[in-house]
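Remarks on the structure that follows.
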Amino acid sequence: MNKIHPYTTEAYKPLYVSKKMDAALRGGKITVEAVTEDHIFYDDEGREEATISTISYLRTDEENNQRPVMFLWNGGPGSAVSMLNLECFGPYCLAKDEEERLCYELEIETDTILDVCDLVYMDPVGVGYSRLLREEAAENYFSVDGDARSITFAIVSWLKKHRRWNSPVYLCGESYGTIRACRVLDELGRNPFYGNRMMLGIPVAGVILIGSALSVGKEGNEIIEPALDLIAAALPSMAAVNWYHNHQEDYDRNAFVEEAWEFGRKRLLPALFAGDDCSMEEIKVIAEELAKYTGMEVSYFEQSRLKLQNLDDFMTQVVRLKGLRVDLYDGRVTSHLTGSYNMVGDGNMPLSVMNGILAPKLGMDTERLYYTGNLNVYPDWNYVPENGKSHIDCLREATERMPEMKVLMASGLYDLCTLAGNTRYQFAHSGIASGKVITKEYPGGHGVYSSKEGKAAFLQDVRALIKE
């Protein structure tokens, strides 16, 4: 078992800080209380073994203890919620320079949804301010079910502390956080027939999923549904990235993406199904079409018999004539083709801003460092669900037992990590009743909010979901 925090300069002290502040909206100012606090877990002997920390923004100029409340987390596992905090929902966001690079500065997020919904940013054990306090307890938290169960009981702890039992509850998860959201839905349910459940029966009004990772299975490294070829799953995203870099003057983006998707369904998939029975003449014709939509070389698809061997082949070919490669998490972003490629980048502006600017703004005076990521949780993570249900099963069952629950599935068109095509296929085969899930694609990367256009459209859809 890896040590989750191999080095530490901090002594653990329970965290609670409250500070009043104004939040600026396009329609005026509101008063907000920012609360940073621990939700502590104990072992059977009453010893502290872990804590999940939350940063809450609660509107206080409106007397309404039934205001909607949204619980948010990111993915990984091992990624903090700081990106949703600082780049999406606010009330503050990272500043950017003229070239859209992140700066060491916070700006007011006037599009925050705090006027209609309180926000509770949650970090699972091991990231953010959350800590594993006893290494021998790691297996209780670093698994699909242990993670979901601890997040669920942190939600319960929050509802109890803030006396918000009658508030409509919303969940928002990104990337691996989409898995966490589906398993939390299962934990919040009330089923006496299986597992070690406390039969909570807490209803959920809505779920927002960003960048579906629901294909990830018990091995932890699956990115697409087993029945789907990588080329078919990736085709809409590859077409979007190719359009962005090479064809903005030639085609409408959405039309180009949909044309590629229809080509994949009607021409590519039958040829892949035919396998060796597909003639070389037909392969050459389809390879030329694939080159048009992906920006890759015709010869690549001829030699691979229309297969995409791995996403890195696309990433290094689509803008090869400019001496560049594209990024996994946002295909609009490029780096030199001949240089070394670091998928997470060399800088970590959110780490600096969370600790250097936001913490003082929230009244924080703590030895604890806010970790925006902690890869030490990965090696021993258990991806095998205890009850054998898939993540999509958990979501489907939740839509059945809570028919009024609304679900928004948001994908980034330029995301080459959680592929929009795979998400289309996944929800078309989910067994979830028609109309229960709103699936949307936005012009952004792994975080759909990474472009101004994508962020504005996404926040508008989230706001509509809550106000319906």
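Residues take their numbers from the sequence shown, with the count starting at 1. What you see is a predicted model, and the numbers here were worked out from it, not measured in a lab.
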- Note on the structure: Sorted by chain and number, sequence neighbours left out, ring pair (Phe, Tyr, Trp, His ring centres under 6.0 Å) with His446 holds for Tyr329

- Task: Keeping the roles fixed (side chain from Arg320, backbone from Gly295), state whether a donor-acceptor pair exists under 3.5 Å.
- Result: yes

- Item | Whether Asp97 side chain and Cys103 backbone form a donor-acceptor pair below 3.5 Å | no

- Message: Could you check whether any side-chain heavy atom of Leu308 comes within less than 4.5 Å of a side-chain heavy atom of Thr294, counting everything from C-beta outward?
- Response: no

- Within-4.5 Å side-chain heavy-atom neighbours: Asn348 and Met354: no

- Task: Find the distance between CG (Leu328) and CG (Asp415) and round it off to the nearest 0.5 Å.
- Result: 7.5 Å

- Message: When you compare the side chain of Leu351 with that of Tyr370, does any pair of heavy atoms fall below 4.5 Å?
- Response: no

- Taking the side chain from Arg101 and the backbone from Glu98, do they hold a donor-acceptor pair closer than 3.5 Å? no

- Message: When you measure from the side chain of Asp123 to the backbone of Val81, do you find a donor-acceptor pair of N or O atoms at a distance under 3.5 Å?
- Response: yes

- Query: Going by heavy atoms in the side chains, are Val462 and Phe89 under 4.5 Å from each other?
  - Reply: yes

- Message: Ignoring hydrogens, what is the shortest heavy-atom contact between Ser450 and Asp330? Give both atom names and the distance.
- Response: OG-OD2, 3.4 Å

- Message: Pairing donors with acceptors under 3.5 angstrom, does anything connect the side chains of Asn310 and Asp312?
- Response: no

- Query: Can you name the ring pair (Phe, Tyr, Trp, His ring centres under 6.0 Å) partners of Phe71, sequence neighbours left out?
  - Reply: Trp158

- Provide the closest heavy-atom pair for Ile231 versus Phe301 in the form atom of the first, atom of the second, distance. CD1-CE2, 3.9 Å

- Query: Are any side-chain N or O atoms of Lys389 and backbone N or O atoms of Cys394, one a donor and one an acceptor, separated by less than 3.5 Å?
  - Reply: no

- Taking the six-membered ring for Trp, are Tyr57 and Tyr121 parallel (under 30°), tilted (30 to 60°) or perpendicular (over 60°)? perpendicular

- Query: What is the distance from atom CG of Leu72 to atom CE of Met83, rounded to the nearest 0.5 Å?
  - Reply: 14.0 Å

- Message: Main chain of Ile432, side chain of Ser430: is a donor-acceptor contact present, judged purely on distance under 3.5 Å?
- Response: yes

- Query: Going by heavy atoms in the side chains, are Thr54 and His39 under 4.5 Å from each other?
  - Reply: yes

Show every donor-acceptor pair shorter than 3.5 Å between a side-chain atom in residues 205-219 and any protein atom, with sequence neighbours excluded, or say none if there are none.
{"residue": "Ser212", "atom": "OG", "partner": "Leu214", "partner atom": "N", "Å": "3.3"}
{"residue": "Ser212", "atom": "OG", "partner": "Gln426", "partner atom": "OE1", "Å": "2.9"}
{"residue": "Ser215", "atom": "OG", "partner": "Glu225", "partner atom": "OE2", "Å": "2.7"}
{"residue": "Ser215", "atom": "OG", "partner": "Asn422", "partner atom": "ND2", "Å": "2.9"}
{"residue": "Ser215", "atom": "OG", "partner": "Gln426", "partner atom": "NE2", "Å": "3.0"}

- Hey, mind stepping through Leu395 and Phe427 against side-chain contact (heavy atoms from CB on, under 4.5 Å) and telling me if it holds? CA-CA 11 Å; Leu395 181 61; Phe427 279 86; 3.8 Å; yes

- Message: Evaluate Phe256 against Tyr293 for ring-ring contact (aromatic ring centres under 6.0 Å, His included), listing each step before the verdict.
- Response: CA-CA 8 Å; Phe256 190 64; Tyr293 292 121; 5.5 Å; yes

- Between the side chain of Asp229 and the main-chain N/O of Ala232, is any donor-acceptor distance below 3.5 Å? no

- Item | Sequence-distant partners of Ser143, side-chain hydrogen bond (donor to acceptor under 3.5 Å, both in side chains), two or more places apart | none

- Give every residue pair that meets the side chain to side chain donor-acceptor pair (under 3.5 Å) criterion with at least one member in residues 75-88, sequence neighbours excluded. none

- Query: What distance do Met405 atom CE and Lys436 atom NZ have between them, rounded to the nearest 0.5 Å?
  - Reply: 8.5 Å

- What is the minimum heavy-atom distance between Ile52 and Ser130, and which atoms define it? CA-OG, 3.4 Å

- Message: side-chain contact (heavy atoms from CB on, under 4.5 Å) for Asp276 and Arg305? Distances and angles first, verdict last.
- Response: CA-CA 9 Å; Asp276 292 342; Arg305 297 189 67 87; 3.9 Å; yes

- Message: Between Thr334 (side chain only) and Leu324 (backbone N and O only), is there a donor and an acceptor less than 3.5 Å apart?
- Response: no

- Query: Is there a side-chain contact between Glu187 and Leu200, using heavy atoms and a 4.5 Å cut-off?
  - Reply: no

- Task: Check whether any side-chain heavy atom of Thr418 sits under 4.5 Å from a side-chain heavy atom of Thr178, and report yes or no.
- Result: no

- Would you call the rings of Trp381 and Phe142 parallel, tilted or perpendicular, where under 30° means parallel and over 60° means perpendicular? tilted

- Measure from the side-chain N and O atoms of Lys440 to the backbone N and O of Ala457, and report whether any donor-acceptor pair falls under 3.5 Å. no

- At what distance, to the nearest 0.5 angstrom, does CZ of Arg67 lie from CG of Leu114? 7.0 Å

- Output every pair passing side chain to side chain donor-acceptor pair (under 3.5 Å) with a member in residues 105-115, not counting sequence neighbours, ordered by first then second residue. Arg26-Asp111, Glu109-Lys455, Asp115-Arg463

- Task: Kindly say whether Pro77 contributes a backbone atom to a donor-acceptor pair with the side chain of Tyr378 at under 3.5 angstrom?
- Result: yes

- Message: Is it true that Tyr300 and Gln309 share a donor-acceptor pair across their side chains at a distance under 3.5 Å?
- Response: no

- Give the minimum heavy-atom separation between Arg253 and Pro443, together with the two atoms involved. NH1-CB, 3.3 Å

- Message: For Arg267, run the salt bridge (charged side-chain N to carboxylate O under 4.0 Å, His left out) check against Glu289, Glu282, Glu259 and tell me which one passes.
- Response: Glu282

- Item | side-chain hydrogen bond (donor to acceptor under 3.5 Å, both in side chains) against Glu262, all qualifying residues, sequence neighbours excluded | Arg265, Lys266

- Item | All ring pair (Phe, Tyr, Trp, His ring centres under 6.0 Å) counterparts of Tyr425, not counting sequence neighbours | His429

- Which heavy atom of Tyr141 sits nearest a heavy atom of Ser150, and at what distance? CD2-CB, 3.6 Å

- Note on the structure: On a heavy-atom basis, the closest approach of Asp147 and Pro124 is OD1-CB, 3.6 Å

- Message: By the salt bridge (charged side-chain N to carboxylate O under 4.0 Å, His left out) test, which pairs, at least two apart or in different chains, include something from residues 419-432?
- Response: Glu258-Arg424, Arg424-Glu441

- Query: Any side-chain heavy atom of Phe458 sitting closer than 4.5 Å to one from Cys88?
  - Reply: yes

- Residues in ring pair (Phe, Tyr, Trp, His ring centres under 6.0 Å) contact with Tyr449, at least two apart in sequence or another chain: none

- Message: Just to verify, what does Asn74 make a side-chain hydrogen bond (donor to acceptor under 3.5 Å, both in side chains) with, not counting sequence neighbours?
- Response: Glu174

- Could you tell me the separation between the SG atom of Cys172 and the CZ atom of Arg180, rounded to the nearest 0.5 Å? 12.0 Å

- So His247 and Tyr251, would you call those rings parallel, tilted or perpendicular, with 30° and 60° as cut-offs? perpendicular

- Item | Spacing of CG belonging to Leu311 relative to CG belonging to Leu230, to within rounding of 0.5 Å | 5.0 Å

- For Arg164, which residues count as a side-chain hydrogen bond (donor to acceptor under 3.5 Å, both in side chains) partner, sequence neighbours excluded? Asp118, Ser167

